[in-house]
Asker: 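Take this structure, written in structure tokens, and hold onto it; I'll ask about it next.
Lettering follows sequence order; numbering is per chain, from 1.
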Amino acid sequence: MDWGALHTILGGVNKHSTSIGKIWLTVLFIFRIMILVVAAERVWGDEQDDFVCNTLQPGCKNVCYDHFFPISHIRLWALQLIFVSTPALLVAMHVAYRRHEKKRQFRKGDQKCEYKDIEEIRRQRFHIEGSLWWTYTSSIFFRLVFEAVFMYAFYFMYDGYQMPRLVKCSASPCPNTVDCFISRPTEKTVFTIFMIAVSSICILLNVAELCYLLTKLFLRRSKKAGNRKHHPNHENKEETKQNEMNELISDSCQNTVIGFSS
Amino acid sequence: MSWGFLRDLLSGVNKYSTGIGRIWVAVVFIFRLLVYVAAAENIWKYEHDEFECNIRQPGCENVCFDHFFPVSHIRLWALQLIMVSTPSLLVVFHVAYRENREKHHNQKLYTNPGKIDGGLLCTYLISLILKTGFEIVFLVLFYKLYNGFQVPHLVKCDIRPCPNTVDCYISKPTEKMIFLYFLVATSCLCIVLNLSELSYLIFKYSIKCYLKRYIKKRQ
């Protein structure tokens with residue numbers, strides 16, 4: 001079980017995403033997950049071993065490290081990536097539910113069902129409209145929220161995105177204010193800024209996708225309204241016929257009534 | 001043999017689960033297994049090396065570490081994941097047994113061997129009860145072994161051969177505590193999902209049974 005399994009799960013969602021969604025997924029896997037696994041984990045690998053304090057007091061290093069790094073960057077990123085990927089599962093579940101309903105219809109032998117066999121239902125790509133539109137839009141919204149929350153958490157916990165070379169620590173059992181030195185601060189700063197930049201790009205992609213979906217919805221709605229305005233006869237031919245028949249019936253009834261009364 | 005094996009097993013179970021069961025599998029995969037492998041394992045990797053006591057007496061650190069961590073958090077977490085996933089196999093075995101029976105008698109005995117009814121319903125309910133039971137047992141074990149879900153940064157130890165009460169410092173206590181709370185939260189979520197699935201199935205099949213009996217009475 002590793003990031004590859006997440007890739008398999010999310011790959012299925014890719015089929016039903018918009019183009020921007022597909023770009024987002026690619027950015028997520030190549031510029032975030034792959035960078036995390038291949039590079040960032042090595043940079044932070046020896047973080048506590050090479051965190052050195054200018055004291056021989058046992059326990060001082062542990063306590064100071066815990067004070068300055070309540071949760072390591074690398075773990076926060078892993079959690080961020082997991083939380084940001086999860087809303088896509090809502091879409092996957094909705095699609096699976098729709099497929100299940102269509103399969104049920106097909107098995108019942110419903111004439112309305114337009115599929116020739118079950119394989120076609122399995123392979124079919126659903127368009128993002130109706131309730132699926134709402135699920136998809138909510139998933140993008142949650143993605144945005146999670147990204148923003150984690151970026152803020154980073155900023156709040158580490159007082160910005162820069163890694164200092166030296167921190168001063170006076171937590172017990174350190175006998176006085178000791179200097180503690182962080183390993184590879186510049187490399188860590190570079191990777192932190194890189195991850196923040198890619199997060200921002202992902203946020204922009206999500207916002208663009210949200211705007212695209214909203215625009216699509218409004219265009220579709222205005223097209224429908226426009227069709228109804230310009231072609232009332234075309235749309236309501238059946239209704240007009242029914243109205244004519246109703247008029248004929250009511251006329252004949254009236255005549256009958258008048259005939260009776262006279 | 002690794003976590004991939006468990007993942008494959010659970011994917012097999014997914015086929016015969018209800019909707020809530022599938023959500024449970026997704027929660028276990030992503031919020032428990034993936035978090036364990038990608039994040040939590042590395043926090044506890046060097047816990048013994050980084051455990052430091054304010055003493056130079058050989059053996060004191062070993063003895064104190066063993067006293068305060070009889071079973072490491074991370075190992076308990078792994079055991080919990082395995083025990084909690086295993087009852088789902090009962091369902092897989094039952095379906096395999098049904099399919100075998102059909103093959104043996106060379107005729108269709110069930111409308112759909114994977115449909116949750118009759119004996120398979122009982123097996124499914126038992127597996128849900130076992131899953132919930134294991135979750136609760138492990139949460140209680142965590143609570144009792146470590147006096148709550150806190151990880152202190154300092155513990156005082158006076159076991160032989162430590163000459164007196166020494167201060168021992170645990171590495172990364174805050175990070176460990178955060179992930180322990182995450183473990184507890186996901187366990188509770190899984191318990192809620194299991195109980196909802198249990199109630200849903202009991203309710204659905206009671207209504208079905210009642211309706212059948214009512215229709216029979218009317219006839």
Side-chain angles (χ1 to χ4, degrees), chain A residues 1-10 33 36-37 41 44-49 51 56-90 92-94 96-97 100 107 153 157 171-175, chain B residues 2-8 10-11 14 19-20 22-23 25-43 45-47 49-56 60-61 81 85 111-112 151-155 166-179 182:
Chain A
M1 182 69 204
D2 54 7
W3 295 109
L6 191 71
H7 181 249
T8 319
I9 295 171
L10 291 184
I33 294 180
L36 181 84
V37 170
E41 267 180 7
W44 270 266
D46 53 7
E47 57 179 328
Q48 196 174 344
D49 286 338
F51 179 79
L56 285 177
Q57 170 63 46
C60 180
K61 182 174 116 163
N62 275 6
V63 157
C64 292
Y65 180 84
D66 183 61
H67 175 78
F68 287 101
F69 299 104
I71 176 165
S72 169
H73 287 74
I74 210 87
R75 250 78 65 182
L76 256 186
W77 279 327
L79 282 178
Q80 181 183 15
L81 289 171
I82 291 171
F83 274 90
V84 151
S85 317
T86 323
L89 289 181
L90 290 173
M93 285 184 200
H94 193 137
Y97 171 73
H100 178 76
R107 282 202 191 105
M157 260 199 258
S172 160
C174 305
Chain B
S2 69
W3 291 110
F5 181 69
L6 194 73
R7 180 194 71 199
D8 294 335
L10 283 181
S11 307
N14 216 10
I20 306 179
R22 293 193 181 141
I23 297 174
V25 172
V27 167
V28 169
F29 271 178
I30 295 179
F31 292 105
R32 296 177 80 176
L33 209 47
L34 186 59
V35 168
Y36 175 94
V37 171
E41 242 182 351
N42 292 327
I43 303 174
K45 206 169 178 185
Y46 300 112
E47 56 171 340
D49 289 335
E50 291 163 355
F51 180 79
E52 210 175 0
C53 290
N54 190 3
I55 188 103
R56 290 175 82 156
C60 181
E61 253 180 37
L81 280 174
S85 313
T111 45
N112 176 12
V151 181
H153 70 271
L154 157 71
V155 287
V166 302
D167 293 337
C168 292
Y169 299 92
I170 295 163
S171 70
K172 310 196 217 214
T174 314
E175 204 165 2
K176 287 176 181 171
M177 200 172 67
I178 292 173
F179 276 86
F182 190 82

Asker: Which distance, rounded to the nearest 0.5 Å, do you find between the CD1 of Ile74(A) and the CD1 of Ile43(B)?
Answerer: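 Nearest 0.5 Å value for the CD1-CD1 distance: 11.5 Å.
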Asker: Could you tell me which non-hydrogen atom of Met93(A) sits nearest to which non-hydrogen atom of Ala26(B), and how far apart they are?
Answerer: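 In terms of heavy atoms, the two residues are closest at CE-CB, 4.3 Å.
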Asker: CD/Gln48(A) to NZ/Lys45(B) distance, rounded to the nearest 0.5 angstrom?
Answerer: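 If we round to the nearest 0.5 Å, Gln48(A):CD and Lys45(B):NZ are 13.5 Å apart.
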Asker: Chain B: which of Ala78(A), Ser85(A), Pro173(A) shares the most heavy-atom pairs with it under 4.5 Å?
Answerer: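 With the most close heavy-atom pairs to chain B, the winner is Pro173(A).
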Asker: For Leu154(B), is it the side chain, the backbone, both or neither that has a heavy atom under 4.5 Å from a heavy atom of chain A?
Answerer: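 Neither part.
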Asker: Might you point out which heavy atoms bring Ala38(B) and Glu41(A) nearest each other, and give the distance in Å?
Answerer: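 Closest approach of Ala38(B) to Glu41(A), heavy atoms only: O-OE2, 4.1 Å.
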Asker: Heavy-atom distance under 4.5 Å to chain A: side chain of Asn42(B), backbone, both or neither?
Answerer: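 For Asn42(B), the contact with chain A is made by backbone and side chain together.
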Asker: Once you round to the nearest 0.5 Å, how far does CD1 of Ile30(B) lie from CD1 of Ile82(A)?
Answerer: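 Rounded to the nearest 0.5 Å, the CD1-CD1 separation comes to 8.5 Å.
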Asker: Can you tell me which of Phe83(A), Tyr65(A), Phe69(A) forms the most heavy-atom pairs within a distance under 4.5 Å of chain B?
Answerer: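 Answer, by heavy-atom pair count under 4.5 Å with chain B: Phe83(A).
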Asker: For residues Pro58(A) and Tyr169(B), report the shortest heavy-atom separation together with the two atoms involved.
Answerer: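 For Pro58(A) versus Tyr169(B), the nearest heavy atoms are O-CE1, 3.4 Å.
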Asker: So which atom in Glu50(B) and which in Asp49(A) form the shortest heavy-atom distance, rounded to 0.1 Å?
Answerer: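 What the structure gives for the nearest pair is OE2-OD1, 3.8 Å.
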Asker: Might you confirm whether atom OH of Tyr97(A) has over 12 heavy atoms from other residues, nucleotides or ligands at distances under 6.0 Å?
Answerer: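 Not more than 12 within 6.0 Å, no.
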Asker: Could you have a look at Tyr36(B), Tyr46(B), Phe179(B) and say which one has the most heavy-atom pairs with chain A under 4.5 angstrom?
Answerer: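 With the most close heavy-atom pairs to chain A, the winner is Phe179(B).
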Asker: Using non-hydrogen atoms and a 4.5 Å limit, figure out which bit of Cys168(B) sits close to chain A: side chain, backbone, both or neither.
Answerer: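 No part of Cys168(B) comes within 4.5 Å of chain A.
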Asker: Measure distances from Asn54(B) to the heavy atoms of chain A and classify the residue's part below 4.5 Å as side chain, backbone, both or neither.
Answerer: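 For Asn54(B), backbone and side chain are both near chain A.
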Asker: Where on Phe31(B) is there a heavy atom nearer than 4.5 Å to chain A: the side chain, the backbone, both, or neither?
Answerer: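 For Phe31(B), side-chain heavy atoms alone lie under 4.5 Å from chain A.
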Asker: Name the region of Ser72(A), side chain, backbone, both or neither, that has any atom closer than 4.5 Å to a heavy atom of chain B.
Answerer: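 Answer is both: backbone and side chain atoms of Ser72(A) are under 4.5 Å from chain B.
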Asker: Could you measure the distance from the CE atom of Met177(B) to the CG atom of Asp66(A)? Nearest 0.5 Å is fine.
Answerer: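 CG of Asp66(A) is found 9.0 Å from CE of Met177(B).
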Asker: In terms of heavy-atom proximity below 4.5 Å to chain B, should Leu36(A) be classed as side chain, backbone, both, or neither?
Answerer: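 Neither part.
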Asker: To the nearest 0.5 Å, what is the distance between CG on Asn62(A) and CZ on Phe51(B)?
Answerer: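 If we round to the nearest 0.5 Å, Asn62(A):CG and Phe51(B):CZ are 9.5 Å apart.
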Asker: Can you measure from NE2 (His153(B)) to OG (Ser172(A)) and round to the nearest 0.5 angstrom?
Answerer: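 It is 6.0 Å, given to the nearest 0.5 Å.
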